[in-house]
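As the structure is a prediction and not an experimental result, all values here were calculated from the model. Both counts, for ligands and for their atoms, begin at 1 and track the order of listing. Start at 1 with the first residue, then count along the sequence.
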Amino acid sequence: MIRNVKIAPSVLSADFSKMGEEIKRVENAGAEFIHLDVMDGVFVPNITFGIKMVADIRKVTNLIFDCHLMIVKPEKYIEQFVKAGADYITVHYEECKENLENVLKQIKSYGVKCGLVINPDTPVEKVENCIPLCDMVTVMSVFPGFGGQKFIPEVLGKCKKIREIIDAKGLDIELEIDGGINSTTAKLAIDAGCSVLVAGSAVFGASDIEKAVKDIRGNK
Ligand code: DX5
Ligand code: ZN
């Protein structure tokens, strides 16, 4: 059982017209990470924001920046996201494929943490060799592109499998789950071994954000 669960609110569900205030709200609510969903309209059918948004948010908070790159050719932009203030940069297996190891090493070479992300229909076996290179592995529990989608429970088996690999090898790696997390699905994810929970709509859509963060973490 993972005791130190961290919450990563996804700003995708925040009000972009007052982003600074939204970040402060989740910071005050006790979140540890900020999850930044970068989408290019090509790798996923939606467009969000890019490097400047990350740099501007960096001015208002010391929270850990978890940049989830849903873009084609992420290797072209790693350096810019590092300069903008990313702490973790995560890239998709489905985009990088055989180049994944190189991209992870490239991210590490800038002195930030690296992570790989797998879609709901990608088996763990595809990325098993690269897990030891990562600081974080993210299991998507929705198909990427939009906030507010329904949690896909079938991915929990993959979380358990990755948790077993991490523990068996004694690796220091966060296991993140992303998509459809609320207080109910969070419990399933924690039981499956996840240590970082991304939550967009369940946090920013709540009237009491502090309570929402606590409920997701499982605090009574
Ligand atoms: C989906 C994004 C997620 C999303 C989560 O493409 O990667 O981070 O914002 O939003 P919720 O928690 O609403 O599913
Ligand atoms: Zn995400």
Side-chain angles (χ1 to χ4, degrees), residues 5-16 19 22-23 25-26 29 31-50 53-54 57 63-72 74 77 81 86-96 113-122 134-156 158-159 174-190 194-207 209 211-218:
V5 172
K6 290 130 200 152
I7 309 298
S10 163
V11 301
L12 191 55
S13 296
D15 181 343
F16 284 24
M19 191 57 90
E22 295 281 73
I23 301 289
R25 285 170 76 207
V26 290
E32 290 86 357
F33 284 52
I34 284 285
H35 185 83
L36 297 153
D37 284 311
V38 178
M39 303 186 189
D40 66 354
V42 182
F43 178 68
V44 285
N46 193 10
I47 299 176
T48 54
F49 52 78
M53 176 68 95
V54 177
I57 299 177
L63 286 173
I64 297 165
F65 276 17
D66 167 22
C67 292
H68 177 190
L69 301 188
M70 286 162 276
I71 60 177
V72 296
Y77 302 97
F81 279 103
D87 295 297
Y88 284 81
I89 296 178
T90 68
V91 293
H92 273 260
Y93 160 76
E94 296 80 14
E95 170 60 20
C96 301
K113 298 191 169 179
C114 71
L116 69 83
V117 190
I118 52 171
N119 278 347
D121 57 356
T122 297
C134 293
D135 299 293
M136 179 146 80
V137 175
T138 304
V139 173
M140 291 305 302
S141 37
V142 298
F143 282 90
F146 301 92
Q149 300 183 75
K150 198 170 168 295
F151 184 79
I152 300 171
E154 287 78 14
V155 306
L156 290 167
K158 293 197 290 181
C159 298
E174 300 284 4
L175 175 55
E176 179 175 72
I177 190 156
D178 183 7
I181 293 293
N182 54 38
S183 56
T184 307
T185 54
K187 194 179 172 317
L188 303 174
I190 294 167
C194 295
S195 58
V196 180
L197 310 180
V198 176
S201 45
V203 169
F204 286 103
S207 49
I209 283 197
K211 183 174 181 306
V213 169
K214 275 202 184 116
D215 287 349
I216 292 166
R217 205 191 292 283

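Close approach of ligand 1 to G148 (heavy-atom distance below 4.0 Å) involves ligand atoms 11 (P), 13 (O), 14 (O). Less than 4.0 angstrom separates some heavy atom of H68 from each of these atoms of ligand 1: 7 (O). Which parts of ligand 1 touch G145 is read off a 4.0 Å heavy-atom cut-off, strictly below it: atoms 1 (C), 6 (O). Under a 4.0 Å criterion applied to the non-hydrogen atoms of M140, ligand 1 contributes the atoms 7 (O). Close approach of ligand 1 to G179 (heavy-atom distance below 4.0 Å) involves ligand atoms 14 (O). Using a 4.0 Å cut-off to heavy atoms of V198, the atoms of ligand 1 that qualify are 8 (O). Interface of H35 with ligand 1, defined as ligand atoms under 4.0 Å from a residue heavy atom, comprises 8 (O). Taking every heavy atom of M70 and a limit of under 4.0 angstrom, the matching atoms of ligand 1 come to 6 (O), 7 (O).
Proximity of A199 to ligand 1 is established by a heavy-atom distance of less than 4.0 Å.
Residues satisfying the side chain to side chain donor-acceptor pair (under 3.5 Å) test with E22, not counting sequence neighbours, are R25.
In terms of protein heavy-atom proximity, atom 14 (O) of ligand 1 is nearest to G180 N, 2.8 Å. What sits closest to atom 3 (C) of ligand 1 on the protein, heavy atoms only, is D178 OD1, 2.9 Å. In terms of protein heavy-atom proximity, atom 13 (O) of ligand 1 is closest to S201 OG, 2.5 Å. When only non-hydrogen protein atoms are considered, atom 10 (O) of ligand 1 lies nearest to G147 CA, 3.6 Å. Protein heavy atom in closest approach to atom 1 (C) of ligand 1: F146 O, 3.6 Å. Closest to atom 12 (O) of ligand 1, if we only count protein heavy atoms, is G200 N, 2.7 Å.
Protein atoms that are N, O or S and lie under 2.8 Å from the Zn ion (ligand 2) are these: H35 NE2, D37 OD1, H68 ND1, D178 OD2.
Residue S13 places no N or O, backbone or side chain, under 3.5 Å from any N or O of ligand 1. Taking only nitrogen or oxygen atoms, main chain and side chain alike, P144 does not reach within less than 3.5 Å of ligand 1.
Contact check for E94 versus I118: side-chain heavy atoms found under the 4.5 Å cut-off. When side chains are defined from C-beta on, V72 counts as touching D40, because their heavy atoms get closer than 4.5 Å. You'll find the side chain of V38 reaches within 4.5 Å of the side chain of F81, heavy atoms only.
A side-chain donor-acceptor contact under 3.5 Å links D37 and H35.
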**Asked** When you look at K113 and E174, which way does the salt bridge (Lys or Arg N to Asp or Glu O under 4.0 Å) test go after all the steps?
**Response** CA-CA 11 Å; K113 298 191 169 179; E174 300 284 4; over 6 Å; no
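For the pair I209 and A29, the tightest heavy-atom approach, listed with the atom from each and the gap, is CG2-CB, 3.5 Å. The minimum heavy-atom distance between F204 and V11, with the atom names listed, is CE1-CA, 3.9 Å.
Taking CG of L69 as the start and CD1 of I89 as the end, the distance is 6.0 Å to the nearest 0.5 Å. If you take CG on D121 and CZ on F143, they are separated by 4.0 Å, rounding to the nearest 0.5 Å.
The closest donor-acceptor contact from the side chain of E32 to the backbone of I7 lies under 3.5 Å. For the pair K158 (side chain) and M140 (backbone), a donor-acceptor distance under 3.5 Å is absent. A donor-acceptor pair under 3.5 Å links the side-chain atoms of S13 to the main chain of S201, judged by distance alone.
The number of heavy-atom neighbours closer than 6.0 Å to CZ of F49, taken from other residues, nucleotides and ligands shown, is above 12.
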